[in-house]
Amino acid sequence: MTSKLQKNFYLRDDVVGISRELLGKVLCAKTNGGLTKTIITETEAYAGEIDKASHAYGGKRTKRTEPMFGEGGIAYVYLCYGIHHLFNVVTNKAGSPHAVLIRGGKPLSGTDLMLKRRKKTVVDKSLLGGPGSLARALGITTENTGTSLIGGSIWIEDHGIVIDDDAVTAGPRVGVDYAGADAELPYRFIAKGVQ
DNA sequence: CGAATGATATACT
DNA sequence: GTATATCATTCGA
């Protein structure tokens, strides 16, 4: 059974709960003429204005973070360190800059295309190991920021994969040391045994 | 462990 | 309008 996640999934105000539920879901991207699918195994929640690690902390609204302030159900893609594209799913209603960063996944379909984009020949965990690599393998770029996840070229499917609570690790986020105490929040979710 | 690399935010003139 | 500091990272040594 497969079904595409609908808008009401993204509109809830529990961004941490959504991050947890996205584990095991399938991220699909039809970019550059090719279709790729990946099972989401690692996510991170960014709780907008109350979260120092978020670009939108304190309700800061800029041209770059604009998509996060929009309605849930769209993509927010940001170029980080001049090299890496990071893919986020915007959640909550318009005006609440919540988002879920997709940090890792496992190839499901379109593997050849991912290998080609990463210039690799074998599938290993470095293919989708990390937010920058994952976005590159899926062909996601900043061009895709603001794209709708309902009816756009990027969407998320539910394949009926259930990740048991025992298989979920919640922990502090990485790479956000500058956020001080907020970097310690257990907003990071990893699905064990799927990777 | 350290460099690469470029858009963006912020603080200036 | 122009300048500089900073970054939700990765790869290679």
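Here is how names work: the chains are called A, B, and so on, in the same order as the sequence lines, proteins then strands, and each is numbered from 1. Bear in mind that the values here come from a model prediction, so they are computed numbers and not experimental data.
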To the nearest Å, give me how far apart [atom1] ([X]) and [atom2] ([N]) are.
X: Arg136(A); N: dC11(C); atom1: CZ; atom2: C1'; value: 10 Å
X: Tyr57(A); N: dA9(B); atom1: OH; atom2: P; value: 18 Å
X: Arg61(A); N: dT10(B); atom1: CZ; atom2: P; value: 15 Å
X: Glu143(A); N: dG6(B); atom1: CD; atom2: C1'; value: 15 Å
X: Ile83(A); N: dG2(B); atom1: CD1; atom2: P; value: 17 Å
X: Glu184(A); N: dA8(C); atom1: CD; atom2: P; value: 16 Å
X: His85(A); N: dT10(C); atom1: NE2; atom2: P; value: 13 Å
X: Glu66(A); N: dT8(B); atom1: CD; atom2: P; value: 13 Å

What does [X] touch in the nucleic acid at a heavy-atom separation under 4.0 angstrom: a base, only the sugar-phosphate, or nothing?
X: Ser133(A); result: sugar-phosphate
X: Tyr187(A); result: nothing
X: Arg103(A); result: sugar-phosphate

Using purine N1 to pyrimidine N3 plus N6-O4 or O6-N4 for Watson-Crick, or N1-O2 and O6-N3 for G-U wobble, each under 3.5 Å, what pairs with dG6(B)?
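When the pairing criteria are applied, dC7(C) turns out to be the nucleotide that pairs with dG6(B).
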Salt-bridged, Lys7(A) to Glu71(A), with N to O below 4.0 Å?
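Yes, Lys7(A) and Glu71(A) are salt-bridged.
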When you check the gap from the basic side-chain N to the acidic O, do Asp124(A) and Arg118(A) get nearer than 4.0 Å?
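Answer for the salt bridge query: no.
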Nearest to the side chain of [X], which nucleotide is it out of [options]?
X: Tyr178(A); options: dA9(B), dC11(C), dA8(C); answer: dA8(C)
X: Leu86(A); options: dC11(C), dT9(C), dC7(C); answer: dT9(C)
X: Asn88(A); options: dT10(C), dA8(C), dA4(B); answer: dA8(C)
X: Leu79(A); options: dA9(B), dA7(B), dA8(C); answer: dA7(B)
X: His84(A); options: dT10(C), dA9(B), dC11(C); answer: dT10(C)
X: Tyr81(A); options: dT9(C), dA8(C), dA9(B); answer: dT9(C)

Can you find a side chain N or O atom of [X] that sits less than 4.0 Å from OP1 or OP2 on [N]?
X: Arg118(A); N: dT10(C); result: no
X: Arg64(A); N: dC7(C); result: no
X: Lys63(A); N: dA9(B); result: no

Quick check, does Tyr46(A) stack with dA8(C)? I mean ring centres under 5.5 Å and planes off by under 30°.
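So yes, this residue stacks on that base, both cut-offs being met.
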Just checking, Arg12(A) and Tyr10(A): is the charged tip under 6.0 Å from the six-membered ring centre and within 45° of the axis?
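No; the conditions do not both hold, so Arg12(A) does not lie above the ring face of Tyr10(A).
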Arg173(A) to Tyr46(A) six-membered ring, cation-pi geometry met (6.0 Å, 45°)
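Relative to the ring axis of Tyr46(A), which defines the angle, Arg173(A) lies inside both limits.
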Can Lys192(A) and Thr41(A) be said to form a side-chain hydrogen bond (donor to acceptor under 3.5 Å, both in side chains), step by step?
CA-CA 8 Å; Lys192(A) 288 182 292 190; Thr41(A) 58; over 6 Å; no
Aromatic ring centroids of His85(A) and Tyr78(A) under 6.0 Å?
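No, the ring of His85(A) stays outside the 6.0 Å limit from the ring of Tyr78(A), centre to centre.
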